[in-house]
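All remarks here apply to the structure that follows.
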Amino acid sequence: DVCSSDLKDKVIMDNSRVKKSKLWKEFEIAFDCLELNHKKKYILLVIIGTLTGLFDFFGVIIFGVIGTLAVRGIQNINPSPRINNLLNIFGLEDKNFKIVIAVLAFLGALFLIIKSLLSIYVTRRQNYFLNNLSANISNAISKMIFSNNLVKLKSTSTQDIRFLVLNGSKALTMGILANTATVVAD
């Protein structure tokens, strides 16, 4: 073998670093195109989207507690002190086993449903914001193109103008910014 495995690993690692830095640079360029108030709103939407993940986290923890209680219940073993502390928080320490499981299952499902509803709401608000932003950018690009002198306008191809006004702003907002927000939130 001409290349050692260490060299192959280094090349793969260097290539992934290049890809990551290219994606980061694309995001920085897109983010820098935003005005300050749009940057703040975008960051707020990303933070809210990320915080909705906490509902997912708590829902999964509750279902983990149900699993632990089920295993210990089958083996006739008392719950661990951590589980007892959690049951004390919910006021379930002295309740019937079936009631405890039912209440925890309801709470776990409630957390997951709330997370889903919040995610839908935040994603809709984010897409609404970014689509409006895309329209504003297209408008600004159109004004800039048509405010130039006629000779320069005629030297630019129709395809270039269409791409800038339509696809360019959409790629910037819905392509880069929306996808980045979704990845960060998840």
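Side chains are part of it too, since the values below use all heavy atoms of this structure and drop only hydrogens, waters and symmetry mates.
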With clusters built from Ile, Leu, Val, Met, Phe, Trp and Tyr whose side-chain heavy atoms come within less than 4.5 Å, directly or transitively, what are the remaining members of the cluster of Val60, listed by chain and number?
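Noted: Val60 shares its cluster with no other residue.
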Are [X] and [Y] linked, directly or through other ILVMFWY residues, by side chains that come within less than 4.5 angstrom of each other?
{"X": "Tyr121", "Y": "Ile113", "value": "no"}
{"X": "Ile99", "Y": "Leu69", "value": "yes"}
{"X": "Tyr42", "Y": "Ile47", "value": "yes"}
{"X": "Ile101", "Y": "Leu110", "value": "yes"}
{"X": "Leu44", "Y": "Leu34", "value": "no"}

Distance (rounded to the nearest 0.5 Å) between [X] [atom1] and [Y] [atom2]:
{"X": "Thr68", "Y": "Ile83", "atom1": "OG1", "atom2": "CD1", "result": "4.5 Å"}
{"X": "Ile120", "Y": "Leu117", "atom1": "CD1", "atom2": "CG", "result": "5.5 Å"}
{"X": "Leu133", "Y": "Gln126", "atom1": "CG", "atom2": "CD", "result": "11.5 Å"}
{"X": "Lys143", "Y": "Ser138", "atom1": "NZ", "atom2": "OG", "result": "12.0 Å"}
{"X": "Glu93", "Y": "Asn88", "atom1": "CD", "atom2": "CG", "result": "4.0 Å"}

What are the two closest non-hydrogen atoms of Thr52 and Lys115, and how far apart are they?
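Reported closest heavy-atom pair: O-CG, 3.0 Å.
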Check the surroundings of atom NZ in Lys39: do more than 12 heavy atoms from other residues, nucleotides or ligands lie under 6.0 Å from it?
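Yes - once you tally the heavy atoms of other residues, nucleotides and ligands closer than 6.0 Å, there are more than 12.
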Side chains of [X] and [Y]: closer than 4.5 Å at any heavy-atom pair?
{"X": "Phe55", "Y": "Leu112", "result": "no"}
{"X": "Val46", "Y": "Thr50", "result": "yes"}
{"X": "Val184", "Y": "Thr180", "result": "yes"}
{"X": "Ile137", "Y": "Thr173", "result": "yes"}
{"X": "Lys95", "Y": "Val103", "result": "no"}
{"X": "Leu86", "Y": "Leu92", "result": "no"}

Quick one, Asn85 with Ile89, criterion side chain to side chain contact (heavy atoms under 4.5 Å, CB included). Give me CA distance, side-chain angles, the key distance, then yes/no.
CA-CA 6 Å; Asn85 289 339; Ile89 290 171; 5.6 Å; no
Check whether any side-chain N or O of [X] sits under 3.5 Å from a backbone N or O of [Y] as a donor-acceptor pair, and report yes or no.
{"X": "Arg72", "Y": "Ile77", "answer": "no"}
{"X": "Asn139", "Y": "Ala135", "answer": "no"}
{"X": "Ser134", "Y": "Leu130", "answer": "no"}

Those residues that, when tested against Leu54, pass side-chain contact (heavy atoms from CB on, under 4.5 Å) (two or more places apart)
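side-chain contact (heavy atoms from CB on, under 4.5 Å) list for Leu54, sorted by chain: Leu51, Phe58.
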Partners meeting side-chain contact (heavy atoms from CB on, under 4.5 Å) with Phe57 (sequence neighbours left out)
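Expected list: Ile61.
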Full working for side chain to side chain contact (heavy atoms under 4.5 Å, CB included) between Asn131 and Met174
CA-CA 7 Å; Asn131 276 318; Met174 298 309 292; 3.7 Å; yes
Before giving the answer on side chain to side chain contact (heavy atoms under 4.5 Å, CB included), spell out for Asn78 and Asn84 the whole-Å C-alpha distance, their side-chain angles and the decisive distance to 0.1 Å.
CA-CA 9 Å; Asn78 288 332; Asn84 276 332; 5.7 Å; no
Leu45 and Arg125: CA distance, side-chain angles, deciding distance, side chain to side chain contact (heavy atoms under 4.5 Å, CB included) verdict
CA-CA 8 Å; Leu45 285 170; Arg125 293 294 301 167; 4.3 Å; yes
